[in-house]
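I have placed the structure first, in the form of structure tokens, so that the comments after it can refer back to it.
Computation of the quantities below employed the complete heavy-atom set of this structure, encompassing side-chain atoms and omitting hydrogens, waters and symmetry-equivalent molecules. Just follow the structure's listing: the first ligand is 1, and inside any ligand the first atom is 1.
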Amino acid sequence: MPIKITYLGHSAFQFQSKRHTLLIDPFLTGNPAAKVAADEIAADVILVTHGHEDHVGDTIKIAKRTGALVISNFEICGWLSRHGVKRTHGMNLGGSHTFEFGTVKQTIAHHGSVLPDGSCGGNPSGMVLTLDGVTIYHAGDTALFSDMQLIGETGLDVAILPIGDNFTMGPDDAVRAVQFLHPRRVIPCHFNTFAVIRQDPQPWADRIRRETDAEPIVLAPGESTTVER
Ligand code: NI
Ligand code: MN
């Protein structure tokens, strides 16, 4: 089954499978790139890669309104529960779990994870999702790391990678990441939201075409793509 991937701006994406709608890192309120509001977006599941405000975003608000299951690390799930989120599922690095909608595996990310109020947000992560047979890797916020080769070993239909630099890997390291991961397609994120992470994704996409075997898919906020295996 094809999966519809919609870019919501920054690191936020919506994934629609045959029967489920998932959000990852739903930072909409206060996100200058967001094209959709937190009080209107649909979600059955919300994934949170780490504790930073530009990733936790509107998780509490959306989860309370929709009753969505929130999947994150154990510490962030505890914090969300204390803020009134009813359904959470805590995981940790290297762990995978099969849910009704598909499988989630938490992968390492080299970054920070403190929560907006200063609480401990555990370790930052990436996520490998398998939805209706389509495998999607969202790297979260991270530096380049050579163990991306292990993440790519099982075959990725899509990789979603930060290219903004300063807080995460920049365009050059994101090309190297694609060479490690060998995804069939790659979508850039975490750029142009703020001045300090301004990047032109087109020269990067040209390099992906020339220097890797992946197809770059550059989405503007609000745009979608449909991917099959
Ligand atoms: Ni971050
Ligand atoms: Mn971030």
Side-chain angles (χ1 to χ4, degrees), residues 5-15 22-36 38 41 46-62 70-80 83 90-93 104 106-129 136-145 147-148 151 158-174 177 181 186-201 204 218-222:
I5 300 177
T6 303
Y7 187 36
L8 304 176
H10 202 55
S11 286
F13 287 82
Q14 185 179 55
F15 306 118
L22 294 84
L23 300 177
I24 189 163
D25 289 356
F27 168 52
L28 303 174
T29 305
N31 174 359
K35 290 278 189 289
V36 62
I41 196 151
I46 303 172
L47 304 141
V48 180
T49 61
H50 65 290
H52 291 161
E53 205 157 15
D54 58 321
H55 297 260
V56 174
D58 296 293
T59 297
I60 294 172
K61 193 175 179 183
I62 299 168
V70 183
I71 300 167
S72 189
N73 70 30
F74 192 81
E75 291 85 352
I76 292 173
C77 285
W79 184 83
L80 291 169
H83 284 79
M91 299 182 68
N92 213 326
L93 300 177
V104 177
Q106 274 213 331
T107 59
I108 60 168
H110 292 290
H111 192 65
S113 184
V114 70
L115 282 153
D117 64 0
S119 299
C120 172
N123 287 308
S125 74
M127 305 255 188
V128 178
L129 314 175
I136 301 167
Y137 169 53
H138 187 299
D141 280 1
T142 187
L144 176 67
F145 53 95
D147 281 355
M148 284 180 170
I151 296 171
V158 186
I160 297 173
L161 302 178
I163 66 161
D165 221 342
N166 194 78
F167 301 115
T168 66
M169 55 185 173
D172 293 345
D173 282 355
L181 290 160
V186 60
I187 300 174
C189 70
H190 213 274
F191 67 100
N192 287 356
T193 321
F194 313 110
V196 72
I197 56 172
R198 198 167 299 287
Q199 299 293 341
D200 181 353
W204 174 84
V218 177
L219 299 174

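- A parallel orientation is assigned to the rings of H190 and H55, their planes being inclined by less than 30° (bins at 30° and 60°).
- Nearest heavy atoms, M127 versus I24: CG-CD1, 4.2 Å.
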Checklist entry - Taking it one step at a time, do D141 and H50 satisfy side chain to side chain donor-acceptor pair (under 3.5 Å)? => result CA-CA 8 Å; D141 280 1; H50 65 290; 3.2 Å; yes

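- Shown here are the protein N/O/S atoms lying under 2.8 Å from the Ni ion (ligand 1), water excluded: H50 NE2, H52 ND1, H111 NE2, D141 OD2.
- Legend: protein N/O/S atoms lying under 2.8 Å from the Mn ion (ligand 2), waters omitted, number 4.
- The backbone N or O of T49 sits less than 3.5 Å from a side-chain atom of S125, completing a donor-acceptor pair.
- Remark: the backbone N or O of K61 is not paired with any side-chain donor or acceptor of D58 at under 3.5 angstrom.
- Side chain of H52 to backbone of P124: no donor-acceptor contact under 3.5 angstrom is found.
- Side chains of H10 and D54: a donor-acceptor N/O pair is present below 3.5 angstrom, by distance only.
- Few gaps surround CZ on F145; more than 12 heavy atoms of other groups in view lie less than 6.0 Å from it.
- Remark: the backbone N or O of G121 is paired with a side-chain donor or acceptor of S113 at under 3.5 angstrom.
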